[in-house]
Amino acid sequence: MIPPHALPNPLPRPEGELEALEEVWKRPRGWRFVTVVNNNWVGVLYLGTAGLFCVFAVILSLLMRAQLTVGGNDFLDAGTYNQVFTVHGTAMMFLFAVPAVEALGVYLLPAMLAARDLPFPRLSAYAFWAYAIGGFFFFLSLFWGVAPDGGWFMYPPLTNKEYSPGINADFWLLGIGFIEISAIAGAIEIIVGVLRNRPPGMTLARMPIFAWAMLVFAVMIVFAFPAVILATVLLELERAFDWPFFLTARGGDPLLWQHLFWFFGHPEVYIIFLPAAGAVSMIVPAMAGTRLVGYGLVATALVATGFLSFGLWVHHMYATGIPSLSLAFFSAASFAVAIPTGIQVFAWIATLASGRPRMEVPMLFVLGFLFIFVLGGLTGVMVAVVPFDWQAHDTYFIVAHLHYVLIGGMVFPLLAGLYYWAPLASGGGLRYGRSVFWLLFGGVNLTFFPMHVAGLMGMPRRVWTYPEGMGLELWNILSSVGAAVSAIGIILLIADLAKNFRMSSGGTDSNPHKAGSLEWLPQGNYNTRSIPLITSRDPLWDQPGLAEQVAAGQHFLPGTMTGRRETLVTSAVDAAPQYVAIVPGPAWAHVIAAVGTAGFFLALTVQWVVISASFGAVGLAAVLYWLWNGTDLGPVHEPVDVGGGYTLPVYVTGKDNLGWWAVVVLMLVDGTVFGCVAFTHVFLWLSNGAEAWPPAGTALPGLDAPLLSAALVVASALVVMLSDAVLRRGGRWGVAALVLVALGLLGAGMGLDLQATWEAGVRPTAHAFGAAIYLNQFWQLFHLGIMLVMALYLVARIAAGMVGAVRRVTFDVVRLFWFYVVGQALAGLALSHLFPRGAGVA
């Protein structure tokens, strides 16, 4: 690494360098604006859409409060209330909370890490458009009378075909499923961006706490969201094809849904909280004018919170009759997770005590967050005690606890961040913040504190009315008044944004809060003019003149070295410069892909199969076109001098390439889904008992067919390994032929196993055993379809002369994922054929 006192690039810079950089990174104008991929614009659109969905959900909550103000009210009928209740909860959890904090990361991380953009800007834009389109149609379902009405948790058996015969539940299952895919796409972007797009010198120990929080947040999405995606697939398979995963009469178990859903659902609370906590850890030092106390402890606490949160899902299932030993374990885990959260709270208090806090609007929201969230945490400790939870579980005490945690732990920090970072986006601040704070602080406490009392008095949750004369009217009237006060605060916030927020491409050249982090460097559409060399955790405090040096182009990559959009890629641990990555710019392909994805799922909801397939084909074609022109561009430019004695390549292959990292993260997502498939087998086996798994009269296929299938699958991997050796020698057409042979072997292996299972008489509709077996088959065949597309895509690029011994990123990605699919197929064969023999009586 270069000496920290030396500047990478001398002055003066070449004439026209800044103008060329601005031209390359300019945003599209007019109607082409929808193709924008710049993180500063996409992030604001993302945040604005999440805020709009929040407003819609708040309106629904006001309707609910109007209904519950007095007992025996008929303002809403039961069916309408169920739809309003379900859409409100679903929107707040799926369409506002997670997307809002993810959007904050999309907007802030490149500036905070002094990167030009996130590594895959079209992926971020695709995730936004898919989310926005799906979210709007989800709300419109209320007006079409097909809104989901089974609660935002959608528990079977109330959501199976017998009790929910319409398409209401399908709208939730298919709509939310692909919105979760959008969240996973954003998580891949964030993980790779935080690990590989940091400025030189910003080691992991120097990362801003917000970057740590977003990294843990994204990793948690990778491991939590696949569970709810699989759960929605299982319930939709049951509803559409009568595969009995949750029907007890045929070996299913409704508790399977709860395990999968809450394995996602409880970590999601911390998925929402951690980025908000990371924002607080950035705001508090700036407001106090001092460094964050206990940086290492806070970063460790973030990681520990993410890890421990995955041991809490049964926290929501104490009343389901699970064994006492399990209750003790999960109760202990519920207490343990309070420890890292407490570390962060005490670190913030110590930071405030060691500085001179300024009572500006962001600080007010931080203090409001501490008050409300700590109260929510205290009631969380109460419901972690099993006997108390048994008494309070289905009462409004839980509703109050949930809202105190979510509003205190996410909404108030998000509003603190809005008022703190608004000058970064608009060049000017918002003005009505103090009034907004007091209205919301008072309104939230007046709304939800009385619910604790109503719950302890016996008011059940998830009801659309209650009898008069139970003494609940006073507490419900107070809650409704509080909701009205909160609504006034939200209206004032909207007025503040409408009047005083004006999006600016150039951001701000000032640092109004005198903060020490890099997002307050002079900004443009390209973020920083040059990428700085970092020597501490608070570079703007510790490196005098850094802002002026960066703006003058004295640090790394001061212009466009290749005439394209670029960003600097550094090593994951110590942030040493490795190469210059070319970043895709505005295009229509990702927008069309998002429309195709949304159309596919939405049309499938109403069973327009042909239209759905058409949308899917358009979406797939758009994705392939986007990849064809936006990835694996090859060595289009000789190595470039980025400053500081570094001459870096603009194209690398193998493990250093960003695409390789993205596929590894995708494989973690995929592997987690398969882990949930295996859990489904194990749970249903335990639920039925060993003597009924497989059920009496079920004949398993012999082992000769699965052994042959395994041999064919392994042979396909060996052929792909051979094709790698052929490619290194420059034999492009030999590679194409070998890849097609490998595809045939893989298809033959999977097809043989499916045929043997069917010929043995196993059927997916007869019993949960067959449903679980064919679920595994379905998952493997789905991956065969993916490999078919990837193989044909690779062959087409080979034919176009776009793959060779040097230009081989596409091949490396296909090979890597191929090996994963082979490994998963072998595990799937063991799950279908060896597990029943070891667990049952076959």
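Given the structure is predicted, the values throughout are model-derived calculations rather than measurements. Only heavy atoms go into these numbers, but all of them, side chains included; no hydrogens, no water, no symmetry mates.
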Just do the side chain to side chain contact (heavy atoms under 4.5 Å, CB included) check on Leu624 and Val789 with the steps written out, would you?
-> CA-CA 9 Å; Leu624 294 176; Val789 173; 4.0 Å; yes
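- Side chain of Thr570 to main chain of Pro577: no donor-acceptor pair is present (N/O by atom type, distance under 3.5 Å, no hydrogens or angles).
- The closest donor-acceptor contact from the side chain of Arg116 to the backbone of Thr528 lies under 3.5 Å.
- Asn657 places a side-chain N or O within donor-acceptor distance of the main-chain N or O of Val652, the cut-off being under 3.5 Å.
- Considering CG of Leu45 and OG of Ser124, their distance stands at 12.0 Å, rounded to 0.5 Å.
- The nearest pair of heavy atoms linking Tyr774 to Leu754 is CE2-CD1, 3.8 Å.
- Listed for the Asp632 side chain is a donor-acceptor partner under 3.5 Å among the backbone atoms of Thr810.
- Among Trp31, Trp129, Tyr126, the one residue that satisfies the ring pair (Phe, Tyr, Trp, His ring centres under 6.0 Å) test with Trp588 is Trp31.
- Using modelled atom types, no side-chain atom of Arg564 and backbone atom of Thr560 make a donor-acceptor pair closer than 3.5 Å.
- Proximity of a side-chain donor or acceptor of His681 to a complementary backbone N or O of Ala772 within less than 3.5 Å is detected.
- Under the 3.5 Å distance criterion, the side-chain polar atoms of Asn197 are left unmatched by any main-chain donor or acceptor of Leu113.
- Counting non-hydrogen atoms of neighbouring residues, nucleotides and ligands closer than 6.0 angstrom, the CZ atom of Phe241 reaches no more than 12 such neighbours.
- Expressed to the nearest 0.5 Å, how far CZ of Phe225 lies from CD of Glu180 amounts to 4.5 Å.
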Starting from the C-alpha separation in whole Å, work towards a yes-or-no answer on side chain to side chain contact (heavy atoms under 4.5 Å, CB included) for Glu189 and Val106.
-> CA-CA 9 Å; Glu189 178 92 298; Val106 168; 5.8 Å; no
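- In this structure, Arg808 contributes its side chain and Val803 its backbone to no donor-acceptor pair below 3.5 Å.
- The line from CG of Asn776 to CG of Leu781 is 9.5 Å long, rounded to the nearest 0.5 Å.
- When all heavy atoms are compared, the tightest approach of Ala736 to Val795 is O-CG2, 4.0 Å.
- Under a 3.5 Å cut-off, the side chain of Trp661 and the backbone N or O of Asp656 do not form any donor-acceptor pair.
- Using the six-membered ring where Trp is involved, Trp779 and Phe782 have ring planes that are parallel, under 30° apart on the 30 and 60° scheme.
- Tyr579 has its ring centre no less than 6.0 Å from the ring centre of Tyr651.
- Aromatic ring pairs are classed by plane angle as parallel below 30°, tilted from 30° to 60° and perpendicular above 60°; the pair Tyr46 and Tyr131 is tilted.
- Panel note: side chain Arg729, backbone Ala805; no donor-acceptor pair is recorded below 3.5 Å.
- Using cut-offs of 30° and 60° on the angle between ring planes, the pair Tyr820 and His783 is tilted.
- Considering CE of Met787 and CG of Leu746, their distance stands at 7.0 Å, rounded to 0.5 Å.
- When every heavy atom of Val822 is checked against every heavy atom of Ser716, the shortest pair comes out as CG2-OG, 3.7 Å.
- In this structure, the side chains of Leu230 and Phe264 stay at 4.5 Å or more apart for every pair of heavy atoms.
- In this structure, the side chains of His637 and Ile582 stay at 4.5 Å or more apart for every pair of heavy atoms.
- Heavy atoms of other residues, nucleotides or ligands lying less than 6.0 angstrom from OH of Tyr625 number 12 at most.
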Go through the steps to decide whether Glu22 and Asn525 satisfy the test side-chain hydrogen bond (donor to acceptor under 3.5 Å, both in side chains), and finish with yes or no.
-> CA-CA 7 Å; Glu22 291 175 340; Asn525 271 330; over 6 Å; no
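- The shortest non-hydrogen separation linking Ala678 to Leu831 is CA-CD2, 3.8 Å.
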Evaluation steps, side chain to side chain contact (heavy atoms under 4.5 Å, CB included), between Leu718 and Met721 | CA-CA 5 Å; Leu718 296 176; Met721 291 176 65; 4.2 Å; yes
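- Atom OG of Ser709 is separated from atom CG of Leu703 by 11.0 Å, given to the nearest 0.5 angstrom.
- Relative to the ring axis of Trp243, Arg763 does not place its NZ or CZ within 45° and under 6.0 Å from the centre.
- The shortest heavy-atom contact between Glu17 and Arg529 is OE1-NH2, 2.7 Å.
- Here CZ of Arg196 is found 11.5 Å from OG1 of Thr567. Values are rounded to the nearest 0.5 Å.
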After noting the C-alpha distance and the side-chain angles of Val726 and Leu738, does the key distance pass the side chain to side chain contact (heavy atoms under 4.5 Å, CB included) rule?
-> CA-CA 9 Å; Val726 173; Leu738 288 172; 3.8 Å; yes
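- Proximity of Leu648 to Val569: side-chain heavy atoms (C-beta onward) are nowhere separated by under 4.5 Å.
- In this structure, the side chains of Phe835 and Ile773 stay at 4.5 Å or more apart for every pair of heavy atoms.
- Using cut-offs of 30° and 60° on the angle between ring planes, the pair Phe171 and Phe138 is tilted.
- No more than 12 heavy atoms of other residues, nucleotides or ligands lie within 6.0 Å of CZ in Phe137, so this atom counts as exposed by the packing criterion.
- The two residues Pro558 and Ser530 come nearest to each other via the heavy atoms CA-CB, 3.9 Å.
- Using a cut-off of 4.0 Å between Lys/Arg side-chain N and Asp/Glu carboxylate O, Arg565 and Asp117 are scored as not salt-bridged.
- Residues Val640 and Val650 have side chains in contact (heavy-atom distance under 4.5 Å, counting atoms from C-beta outward).
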Give the intermediate values and the outcome of ring-ring contact (aromatic ring centres under 6.0 Å, His included) for residues Phe128 and Tyr107.
-> CA-CA 12 Å; Phe128 162 70; Tyr107 179 79; over 10 Å; no
